[in-house]
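Data first, discussion second: the structure below is written as structure tokens.
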Amino acid sequence: MAPRSRQRRHKKPPSSVAPMVVTPSTVVTPVPLTLSKPDPSIDALGFFSLENNVPGLSQLILQKLSMKSYEEYKLVLDGGASVSGFGFRCPQEMFQKMEDTFRFCAHCRALPSGLSDSKVLRQCKRCRNVYYCGPECQRSDWPAHRKVCQELRLVAVDRLMEWLLVTGAFVLPSGPWPCLAETVQSWDTWFSMRHLQLDATLDAVLGSHAMTTLWASVGRPRPDPDVLQGSLKRLLTDALSRPLTLGLGLRALGINVGKIGGSTVHVVGASHVETFLTRPEDYDELGYMFPGHLGLRVIMVGIDVSAGFTQNPSTPILEPGTVQLSGHRGLYHDFWEEEVETGRIAHPDLVVTFHPGFHASPDLMEAWLPTLLLLRDYEIPTLITVYSHQELAASLQILVDLDTNITAYGANPFASLKPEQAYSNPNKQPVYCNAYYIIFLGSSCQLDRRQLEEKVDGGV
């Protein structure tokens, strides 16, 4: 069992937080659409929250996927049913139905089924992303939409191009890094290091039959090569952001990856985002970040880990120079008691949680609290990522309230460069996966409210 939790000291958090780093010595820079009590799952809460902004949108999504309920949809994401269960007969139908799930008026939120015979939804011609039911709604919405129109244009291209990753037509460049790993500190240096291999990869994808088939199936003109190349680079950063962020945590905390028996990272709160269709080679870049490592074991733990991904995480053999992925479905504090405390699973050298979202709802916070207290009281090095500056401030508030020892936070140099659109609120400012990070270690936080505000005001 976890040691007895110390009484929480309720410190007032900072009223605002600017991106900064508090630098320790080691840091290197259907449908039942209601739930009586929401599952402590950000996947489920996210799906059901669509109704708050666009009533009927969740039913429309299920209809276009030829599914009768969220449970059926979740079964596919969990790996309990074939992806073919989505029921598409050809690529054209798939892309059309996918686009249909975005067809609602961005201003009045009307769905096609709620329009009069005289109205029809038409796309914004600039971004080809959002829809309006008429000129009045489009004019009224323009002050909000103009702020995000250009980014949403990128989103519209990326969500089509992502199919090349899913089908394996776009294979990420791989292989040992041809430079000192310590010199790769951000995407700029990563792209510079990989540029020859990457250029050849992108040229091959742009000229591939898969690319031709994709744009012949989507019912819109094929963009210029530079637009497509930019999209492929954004998708690449999105795919590699997670493994490289794990590496950022190992570097920042000075964790020895050369120890006998290898090193272990637990990814807590993992969901289908981290595990659905994930392949072992997707984390090869983490290994190349640490040449000479004696093995890296990455264990995904969460109630939404895809069933097809779950493997026995207690496999004892970890070859030097390899990265081993495995998964466990369940809550982390239960996993700790059943697997870690019994010695079946190695004690983690680092715990990482991508976008836990515990700031978003009392139900998620209630589910996360035992794990956060466990990580604090066992003094386990922990890295958390968040989507935005606003989420960073809210998460810092909670962690300061829990008396965690925050050692670093700031902008993630390996954040995804692919903008993420709020599904049911398209004119909300897009966010980026793993945009910011927070690192904490143990308790007795050294930063009280005044100290934290002084550092924030001073900036970095």
Please name the pair of heavy atoms, one in Gly175 and one in Arg194, separated by the smallest distance, quoted to 0.1 Å. O-NH2, 2.5 Å
Can a side-chain donor-acceptor contact be found between Arg297 and Thr264 if the only test is distance below 3.5 angstrom? yes
Less than 4.5 Å apart, side chain to side chain, heavy atoms only: is that true for Leu152 and Val130? yes
Decide, yes or no, whether a salt bridge links Lys97 with Asp100 under the criterion of side-chain N to carboxylate O below 4.0 Å. no
Tightest non-hydrogen contact, residues Pro426 and Val148, listed as O-CG2, 4.3 Å
Rounded to the nearest 0.5 Å, what's the gap from CG on Leu374 to NE2 on His333? Could you check? 9.0 Å
Looking at Ser271 and Val273, would you say the former's side chain and the latter's main chain have a donor-acceptor pair under 3.5 Å? yes
Just how far is it from atom CZ of Phe335 to atom CZ of Arg344, taken to the nearest 0.5 Å? 9.5 Å
Would you find a donor on one side and an acceptor on the other, under 3.5 Å apart, between the side chain of Glu285 and the backbone of Asp282? no
Under a 3.5 Å cutoff, is there a donor and acceptor pairing between the side chains of Glu151 and Gln421? no
Should Leu294 and Val257 count as side-chain neighbours, where that means a heavy-atom distance under 4.5 Å? no
Test the Arg159-Phe102 pair against the cation-pi criterion, namely NZ or CZ under 6.0 angstrom from the six-membered ring centroid and within 45° of the ring axis. yes
Quick one: pull up CZ in Phe440 and CG in Leu372 and give me the separation to the nearest 0.5 Å. 6.0 Å
Decide if atom CD of Gln390 counts as having more than 12 heavy atoms of other residues, nucleotides or ligands within a radius under 6.0 Å. no
Determine whether a donor-acceptor pair (N or O, by modelled atom type, separation under 3.5 Å) exists between the side chain of Thr371 and the backbone of Leu369. no
Do the side chain of Asn405 and the main chain of Leu441 share a donor and acceptor less than 3.5 angstrom apart? yes
What distance do Met365 atom CE and His359 atom NE2 have between them, rounded to the nearest 0.5 Å? 12.0 Å
Kindly indicate, with the supporting measurements, whether the criterion side-chain contact (heavy atoms from CB on, under 4.5 Å) is fulfilled by Ile406 and Leu399. CA-CA 8 Å; Ile406 300 169; Leu399 293 173; 4.2 Å; yes
Arg242 to Phe354, cation-pi by 6.0 Å centre distance and 45° axis angle: yes
Ignoring hydrogens, what is the shortest heavy-atom contact between Asp158 and Pro419? Give both atom names and the distance. OD2-CD, 3.9 Å
Identified side chain to side chain contact (heavy atoms under 4.5 Å, CB included) counterpart of Asn434 within the set Thr237, Asp238, Asn412: Asn412
Describe, in one word, how the ring planes of His347 and Trp336 are oriented to each other, choosing from parallel (under 30°), tilted (30 to 60°) and perpendicular (over 60°). perpendicular
Does Ser186 reach the main-chain N or O of Pro413 with its side chain, forming a donor-acceptor pair under 3.5 Å? no
Where do Gly287 and His293 come nearest, in terms of heavy atoms and distance? O-CD2, 3.4 Å
Within a strict 4.5 Å, meaning less than it, do heavy atoms of the Glu319 and Gln324 side chains meet? no
Sidechain-backbone polar pair: Ser231 side chain, Leu228 backbone, donor-acceptor under 3.5 Å: no
Stepwise, does the side-chain contact (heavy atoms from CB on, under 4.5 Å) test hold for Val298 with Val352? CA-CA 10 Å; Val298 179; Val352 174; over 6 Å; no
Decide yes or no for Ser395 and Ile438: does some side-chain heavy atom of the first lie under 4.5 Å from some side-chain heavy atom of the second? yes
So, Thr385 side chain and His355 main chain: donor-acceptor pair closer than 3.5 Å or not? yes
In the structure I gave you, are the side-chain heavy atoms of Val205 and Leu232 within less than 4.5 Å of one another anywhere? yes
Quick check for you: to the nearest 0.5 Å, what is the distance between Tyr288 atom OH and Leu244 atom CG? 12.5 Å
Backbone of Leu402 reached by a side-chain donor or acceptor of Arg376 within 3.5 Å: yes
Donor-acceptor contact present, side-chain Thr342 to main-chain Glu338, <3.5 Å: yes
State, to 0.1 Å, how close Leu325 and Pro280 come at their nearest heavy-atom pair, and which atoms those are. CD1-CA, 3.8 Å
Any side-chain heavy atom of Phe170 within less than 4.5 Å of one from Thr201? yes
Determine whether Arg251 and Phe290 satisfy the following criterion, side-chain contact (heavy atoms from CB on, under 4.5 Å), listing intermediate values before the conclusion. CA-CA 9 Å; Arg251 277 182 176 178; Phe290 298 96; 3.9 Å; yes
Looking at Glu420 and Lys418, is there a salt bridge between them, counting it only when a charged N and a carboxylate O are closer than 4.0 Å? yes
Which atoms form the tightest heavy-atom contact between Ser241 and Ser416, and what is the distance? OG-N, 3.5 Å
How far does CG of Leu202 sit from CG of Leu236, to the nearest 0.5 angstrom? 7.5 Å
For the NZ atom on Lys428, are there more than 12 heavy atoms of other groups (residues, nucleotides or ligands in this structure) within a distance under 6.0 Å? no
Counting distance only, does the side-chain N/O of Arg329 pair as donor-acceptor with the main-chain N or O of Val305 below 3.5 Å? yes
Contact between Leu350 and Leu253 at the side-chain level, heavy atoms closer than 4.5 Å - yes or no? yes
Working note: Leu240 + Trp190, criterion side-chain contact (heavy atoms from CB on, under 4.5 Å); need CA distance, chi angles, decisive distance, verdict. CA-CA 11 Å; Leu240 294 181; Trp190 187 93; 3.6 Å; yes
Phe414 side chain near Trp187 side chain, heavy-atom distance below 4.5 Å: yes
